[in-house]
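Inspection log for the structure reproduced underneath, given as structure tokens.
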Amino acid sequence: MARRSGVPARVGWCCFLVVALALGAMGQPPPSPRNEDDTPPPPNPGNGDDPWGGGDGNDPPPQPEIDWDFDDGHPRTEVKSYANGQQYRANYDKPNRIFICKEDFGKKCIAQCPDLCPKSCSFSCSYCETTCRCVDFPGTSCGDPSFTGGDGVTFYFHGRRDQDFCLVSDTHLHINAHFIGNHNPSNDRTFTWIQALGITFGDHRLYIGARKAVEWDEDEDHIEITLDGEPVNVDTSNNAQWVSKVLPDLSVKRTDNVNSIKVDLVGVFSISASAVPISDEDSKIHSYGKTMKDSLVHLDLRFKFHSLTNTVDGVLGQTYRMDYVNKMNVTAKMPIMGGAPKYLSSGGLFSTDCAVSKFHRNVGGSHVLASAA
């Protein structure tokens, strides 16, 4: 009898275990499907997945099918993109210009010009970021020419046509700008733009300029660069790069196929430059008086400085000093910086003779050599 009573007991325990396991399985989510390489599948917005990984399901619908050019073929190989410092995913329904490249680690970058500048923006593949060229970031210089100083205040400095002015002068770095201009007899005004930079550091001279053009051709490269008088040739393809054999820390990278570059001297500066014309529409709006003889090609610029001292001077440089006091009329619609004579360079684009010059060649030489080492 004892043996018979043990059988129902064992059967009962087995039933209990089966039911428990079934209930446990019901409380667990189903296993996630995996790709053949054991990586998760791409997010599915139709099921409430957030393509950016947030999981709130409120993102825009997925974009059209794209040839990813990768063996596994899923969007996980795409990096996040940014516009003017903010996360910004490309929208193929917009007319804004789109850039596609593979960034430094082999992932695909798809970035788009922001709405503020839908057709004309700078693009960095390494950061997968687009930037409007004339947003009021510190260190920006654009147009006729306006500057945004290190203190964040935007102002005009008109300079003079066909003359050179000191933008930045520090113990190890000196930057002059050559101004071009156009006189409009109908309003008796002369408008000016920056056409070239002469950058002196140590015993080296770097030239960045915009070639003159009677008629603008957007497919032609108008940027000209020389180092110590020797041409710097960078392939005309986005993200193409040139690195100096003399100064390995000096590099030039294309930020567009033509007309936009970024120059880096490690530990000293980063300068983004774009050659742009004055369009007929611009001339009409601002009464520039542009003629058919010159498209007034000039440079839109953005500076980043990494090692300025607190004695730095110049039109732009002084605004980075800790003790800088802004004496312009900041209540005006656009403040104007005066005092042009003290920033004037009489000895040419690479001269360091402006009245506010702080440059010392021997200090610059030792600094750059230490940086290059």
**Side chains of H183 and D188 in contact at under 4.5 Å (non-hydrogen atoms)** =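 Heavy-atom side-chain distance check passes, below 4.5 Å.
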**Prompt:** According to the disulfide bond (SG atoms under 2.5 Å apart) rule, which pairs have a member within residues 136-248, sequence neighbours left out?
**Reply:**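 For residues 136-248: C134-C142.
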**ILVMFWY clustering at 4.5 Å (side-chain atoms), partners of V243** =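 Cluster partners of V243: none, it stands alone.
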**Item:** Connected hydrophobic set around W216, excluding itself, where side chains approach under 4.5 Å
**Value:**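 Reading the cluster by chain and number, W216 sits alongside V297.
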Whether [X] side chain and [Y] backbone form a donor-acceptor pair below 3.5 Å:
{"X": "D170", "Y": "T309", "result": "yes"}
{"X": "Q112", "Y": "N91", "result": "yes"}
{"X": "H298", "Y": "V276", "result": "yes"}
{"X": "S81", "Y": "Y88", "result": "yes"}

**Request:** Not counting sequence neighbours, which residues clear disulfide bond (SG atoms under 2.5 Å apart) with C113? List them please.
**Result:**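 C113 satisfies disulfide bond (SG atoms under 2.5 Å apart) with C121 once adjacent residues are dropped.
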**Prompt:** By disulfide bond (SG atoms under 2.5 Å apart), which residues pair with C354, not counting sequence neighbours?
**Reply:**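 Disulfide bond (SG atoms under 2.5 Å apart) list for C354, sorted by chain: empty.
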**Message:** Holding to salt bridge (charged side-chain N to carboxylate O under 4.0 Å, His left out), I want the full list of residues that pass it with D264, two or more places apart in sequence or in another chain.
**Reply:**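 With sequence neighbours excluded, D264 shows a salt bridge (charged side-chain N to carboxylate O under 4.0 Å, His left out) to no residue whatsoever.
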**Request:** Sequence neighbours left out, what passes salt bridge (charged side-chain N to carboxylate O under 4.0 Å, His left out) with K290? Give chain and number order.
**Result:**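 Residues passing salt bridge (charged side-chain N to carboxylate O under 4.0 Å, His left out) with K290: D280.
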**Asked** Picking from D235, T236, D221, what satisfies side-chain hydrogen bond (donor to acceptor under 3.5 Å, both in side chains) with R254?
**Response**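 Per the side-chain hydrogen bond (donor to acceptor under 3.5 Å, both in side chains) rule, the option paired with R254 is D221, out of D235, T236, D221.
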**Item:** From CD (Q241) to NZ (K253), nearest 0.5 Å
**Value:**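 Going from the CD atom of Q241 to the NZ atom of K253 covers 5.0 Å.
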Please report, to 0.1 Å, the donor-acceptor pairs under 3.5 Å made by any side chain of residues 334-343, with sequence neighbours excluded.
unit_1: Y343; atom_1: OH; unit_2: Q318; atom_2: NE2; d: 2.8

Could you tell me which residues satisfy ring pair (Phe, Tyr, Trp, His ring centres under 6.0 Å) with [X], sequence neighbours excluded, listed by chain and number?
{"X": "Y156", "answer": "H158"}
{"X": "Y82", "answer": "none"}
{"X": "F155", "answer": "F147"}
{"X": "F191", "answer": "Y288"}

**Request:** Give the intermediate values and the outcome of disulfide (SG to SG under 2.5 Å) for residues C109 and C101.
**Result:** CA-CA 5 Å; C109 161; C101 72; 4.3 Å; no
